[in-house]
Amino acid sequence: MIFTVAIDGPAAAGKGTIARALAARFGFAHLDSGLLYRAVGAKGGDPVMAAKALTGRDLQRDDLRTLDAGQAASVVAAIPAVRAALVDFQRRFARAEGGAVIDGRDIGTVICPEAEVKLYVTASAPVRAHRRWLEVGGDEARVLAEVQARDARDMGRADAPLRVADGAVVLDTSVMTVDEAVAQAIAAVEAALGGA
Ligand code: C5P
């Protein structure tokens, strides 16, 4: 079976949590596409060369989840040639036999507009910053500023800006528990599987 769940949305909205829960529930493979951009940013040097030469080992670095790695990722992610170098891998993953969940910023808009299920997971910037701050600590105002800077870069770039894909179900997790958000995502997948 070829079945893709495309999940987009801004940083710390809960995409990863929902993606992992769906992958576990339905037995689909999961790709966190943000890791690709984080790994390119962390490699240093020419980002286009880094994207073309990316390996599985690059994705296993233990410093990819930091705030700084997120900022570096969103800078290299605005370079069209970096994005182009990562398209084929993501498309193959999305349409591989067995089903796939991919989360990112352009999965339902650019990578896999034909996805059977598209979700746009969002929450207010202060709520997202608070969640991220609970993970990383430090100064919460700085975390909010970083979230807002990344939103502006991801939504404002010319190539594959973050936006709600046509046909996407919008989940605003600002006032939802994790369980509620996951239940709504599961219902959207079940509806599409039932109609497949
Ligand atoms: O999702 P995550 O926070 O790990 O993504 C890091 C950065 O990578 C994002 O801020 C965005 O600039 C970029 N990204 C992207 N397209 C994707 C996934 C991530 O541009 N599909």
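Both counts, for ligands and for their atoms, begin at 1 and track the order of listing. Just so you know, these numbers come straight off a predicted model, no measurement behind them.
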side-chain contact (heavy atoms from CB on, under 4.5 Å), paired with R128, selected from V143, T173, L144, D151 = D151

inquiry  = Please confirm whether R157 approaches ligand 1 to less than 4.0 Å, judged on its heavy atoms.
reply    = yes

inquiry  = If we set the cut-off at 4.0 Å for heavy atoms, which region of A77 has an atom near ligand 1: side chain, backbone, both, or neither?
reply    = side chain

request  = Starting from atom 17 (C) of ligand 1, find the nearest protein heavy-atom neighbour and note its residue, name and distance.
outcome  = R105 N, 3.3 Å

message = Measuring only between side-chain heavy atoms, which start at C-beta, is L31 closer than 4.5 Å to Q90?
response = yes

key: V189 side chain reached by F3 side chain, heavy atoms, under 4.5 Å   = yes

request  = Please confirm whether D154 comes within less than 3.5 Å of ligand 1 when only nitrogen or oxygen atoms on both sides are compared.
outcome  = yes

key: D179 versus T177, side-chain donor and acceptor atoms under 3.5 Å   = no

query = Is R65 in contact with ligand 1, taking contact as a heavy-atom separation below 4.0 Å?
reply = no

note = Closest to atom 6 (C) of ligand 1 among protein heavy atoms sits R150 NH1, 3.4 Å

ask   = Going by the order shown, which atoms of ligand 1 are within less than 4.0 Å of some heavy atom of A73?
value = 6 (C), 7 (C), 8 (O)

key: Nearest-0.5 Å distance that lies between atom OG1 in T122 and atom CG in L171   = 10.0 Å

Any F26 side-chain heavy atom under 4.5 Å of E190 side chain = yes

For G104, atoms of ligand 1 separated by under 4.0 Å from a heavy atom = 17 (C), 18 (C), 21 (N)

Donor-acceptor contact present, side-chain T4 to main-chain A94, <3.5 Å = yes

query = Near S74, which atoms of ligand 1 are under 4.0 Å from a heavy atom of that residue?
reply = 10 (O), 12 (O)

inquiry  = Tell me the protein heavy atom at minimum distance from atom 16 (N) of ligand 1, and give that distance in Å.
reply    = R83 NH2, 3.1 Å

message = Could you identify the single nearest non-hydrogen protein atom to atom 8 (O) of ligand 1 and state the distance to 0.1 Å?
response = Y37 CB, 3.5 Å

ask   = Going by distance only, is there an N or O of D106 that falls short of 3.5 Å from an N or O of ligand 1?
value = yes

query = Below 3.5 angstrom, do we get any N/O pair linking R38 and ligand 1?
reply = yes

message = So, regarding S33 and ligand 1 (criterion: nitrogen or oxygen to nitrogen or oxygen, under 3.5 Å), is there a contact or not?
response = yes

inquiry  = Just by distance, no angles: are the side chains of R150 and S74 close enough, under 3.5 Å, to form a donor-acceptor pair?
reply    = no

message = Within this structure, what is the CZ-CZ distance for the pair R61 and R38, rounded to the nearest 0.5 Å?
response = 12.5 Å

